[in-house]
Amino acid sequence: MNIFIDGGTAMLRDHNEIIRNRYAKADALRAERINPYVNRWLPTHSSQQIRACQEQLAADKTRVRFAGRIVGMRHMGKASFIHLKDEKGRLQAYLKKDILPEADYKVFKEYSDLGDIAGVEGEVFVTRTGELTIQALSYTLLSKSVRPLPEKWHGLRDVETRFRQRYVDLIVNDGVRETFVLRSRLVSSMRNYLAGRGYLEVETPMMHTVCGGATARPFKTHHNALNMDLFLRIAPELYLKRLMVGGIEKIFEINRNFRNEGISTKHNPEFTMLELYTAYWDYRDTMALTEYMIRHIARESFGRTEFEFGDIRFDLGPAFPRVTYLDAIRRWVPGAADADLRWDDPPETTLEKMRPFHTPEFRGPSYQMIIDLFEHRVEPQLIFPVYITEFPKAVSPLAKSKPDEPLVAERFELFICGMEIANGYSELNDPREQYECFRQQVEAKARGDDEAHDMDEDYIRALEYGMPPASGLGVGIDRVTMILTNSPSIRDVILFPLMKPEW
RNA sequence: GGGCGUGUAGCUCAGAGGUAGAGCAGCGGACUUUUAAUCCGUUGGCCGAAGGUUCGAUCCCUUCCACGCUCACCA
């Protein structure tokens, strides 16, 4: 039957014949006083429950009510098989003309399409080919779908459409939902782990008047009533440490940060961080916590510690080795085994020492050339879990120096699969030293470094009241999810990654 | 931002300087236990956008847009 009722209102620019036709079906249903978008229809069982109790349900001839999206349809003359998919799986229903009420059969046969949400009530049986099926005694169209789904066995491959229309991706591509279920599970696991150890979860401002806590360009916004520029936060760090001043000794926040930087398979402008602070600890204690926590969430969420990421295999079970920054260079850069690099060497000396194995891409202070070397030659090799420690103080303005080495910060980063997964340090709490660091940052900014910190006078004032010795941690939740779910791009673990407008 | 690549029907993809193809979906028909059901018939396209070259461009050239990979920046 070819329905062309000119009542459907085309609303979007891409409406085609299929869509117009389906809108016409919805109108035709309305004309017969059947609501194509019903208000309420409660299933008695999920597909999972029916599957689990199938023998019992079949033996008792229990009437089950089951609802889902029609993802498969096979008409056999006056009978049809359809597959209904709910959140937990898909289940077949068998619709026979001489069993269904006439009206129900008409709604199914004339007005239902692949993609519609429908409910059936009936008895459970097994077909002669062995498939668990509901013999439908009634059929209800619950929500009319007017837009055709992607093709049934190639599915939706186009990555752009998958990200822009994640709802379709979730409908069609099994495994996408699984990734986000796992993400949710591991975040819950993390929360429970920390709550169980006495950490208080807090929420600090996303809109900052002073931008700080990390080195990154911010997004700028504006408050109209106050006529004031604001920044989306690049890190919650300085607020969390204010709370440490306030006497909260164990604290964490899991939430979004925003950085106005490039986009890549490892970078989304908004991303989720765990930040955590513990009073009276130093960075070694935080390293231990980080390791236990990551191992714990892996076991609790996945039941294992061994994972694959692309063609990399790694194990979170064994202790994570700790290697200092300069040792890592000696260890992983060919020809650098005997290099005696020092943060305080003059640039010419560092250049001379590096000549046998590396030519920096630029000339600058020794620490910058060493960092350049590390990031290009060492980082890609850090695929198994490893802590890199003893970073240069010059790039750690919020970290505390080692007692006997003022140029070296008590700081670590955790690398897995060549990615920086976590970053932590002993927190600088000397207000004068912090002020001096900020002052240098402000100078750098004045010289054109647009990622340098601003002066945060209130933060200095807070430190003047006294912050206990403490250590903090930041963990990139998206990246942890990537490596644990074997997702090659950060966009695979963010439901709605940022895209330029389509239209 | 640079480099490389992609963009053709709702989806997955072919194609070629001469005016557009397949499979699935859709539509019409047959079929009361199918499984990518099958069988017969059939409708869909501003070939990403705009210019240019040409008798003729979806194809060649230029610019633009979107997306992917990659480098840079960064977590």
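- Between C11(B), A25(B), U34(B), one nucleotide has an atom nearer to the side chain of Glu151(A) than all others, and that is C11(B).
- The ring-ring contact (aromatic ring centres under 6.0 Å, His included) test applied to His376(A) returns no partner, not counting sequence neighbours.
- Here the separation of C59(B) from A20(B), taken at their C1' atoms, is 12 Å to the nearest Å.
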Review item, nucleotides 37-43 of chain B N/O atoms under 3.5 Å of protein N/O:
residue : atom : partner   : partner atom : Å
A37(B)  : OP1  : Lys152(A) : NZ           : 2.8
A37(B)  : OP2  : Arg74(A)  : NH1          : 2.9
A37(B)  : N6   : His75(A)  : O            : 2.8

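- Across all strands, Phe258(A) comes closer than 4.0 Å to no nucleic acid atom at all (heavy-atom distances).
- When the nucleotides C73(B), U33(B), U32(B) are ranked by their closest atom to the side chain of Arg217(A), C73(B) comes out on top.
- Using a 4.0 Å cut-off between charged nitrogen and carboxylate oxygen, Asp98(A) and Lys78(A) do not count as a salt-bridge pair.
- Counting all heavy atoms, side chain and backbone alike, Arg22(A) lies closest to Arg147(A) at NH1-O, 3.8 Å.
- Residue Arg157(A) places at least one side-chain N or O under 4.0 Å from the OP1 or OP2 atom of C13(B).
- No contact: Asn257(A) has no heavy atom under 4.0 Å from any strand.
- Counting non-hydrogen atoms under 4.0 angstrom, Met499(A) reaches the backbone sugars and phosphates but no base.
- Close to A75(B), at under 4.0 Å from its OP1 or OP2, lies a side-chain N or O of Thr215(A).
- Pairs passing the salt bridge (Lys or Arg N to Asp or Glu O under 4.0 Å) check and including a residue from residues 131-143 of chain A, sequence neighbours excluded, do not occur.
- In this model, the phosphate group of U70(B) is approached by a side-chain N or O of Thr265(A) to a distance below 4.0 Å at OP1 or OP2.
- Phe258(A) is linked by a ring-ring contact (aromatic ring centres under 6.0 Å, His included) to nothing, counting only residues two or more places apart in sequence or in another chain.
- Nucleotide A25(B) is matched to nothing when pairs are restricted to Watson-Crick or G-U wobble geometry with both distances under 3.5 angstrom.
- Residues of residues 88-101 of chain A having a heavy atom closer than 4.0 Å to RNA chain B, listed by number: Gln92(A), Tyr94(A), Lys96(A), Asp98(A).
- By the 4.0 Å N-to-carboxylate-O rule, Glu102(A) lies too far from Lys106(A) to be salt-bridged with it.
- In terms of phosphate contacts, Lys266(A) brings no side-chain nitrogen or oxygen within less than 4.0 Å of OP1 or OP2 of A72(B).
- Around the CE atom of Met207(A), the shell of radius 6.0 Å holds no more than 12 heavy atoms that belong to other residues, nucleotides or ligands.
- A glycosidic torsion no more than 90° from 0 defines the syn conformation, and G44(B) adopts it.
- Residue Asn268(A) is classed as a base contact, given a heavy-atom separation below 4.0 Å to a base.
- Residues satisfying the ring-ring contact (aromatic ring centres under 6.0 Å, His included) test with Phe66(A), not counting sequence neighbours, are none.
- For Asn423(A), no side-chain nitrogen or oxygen approaches OP1 or OP2 of A75(B) to under 4.0 Å.
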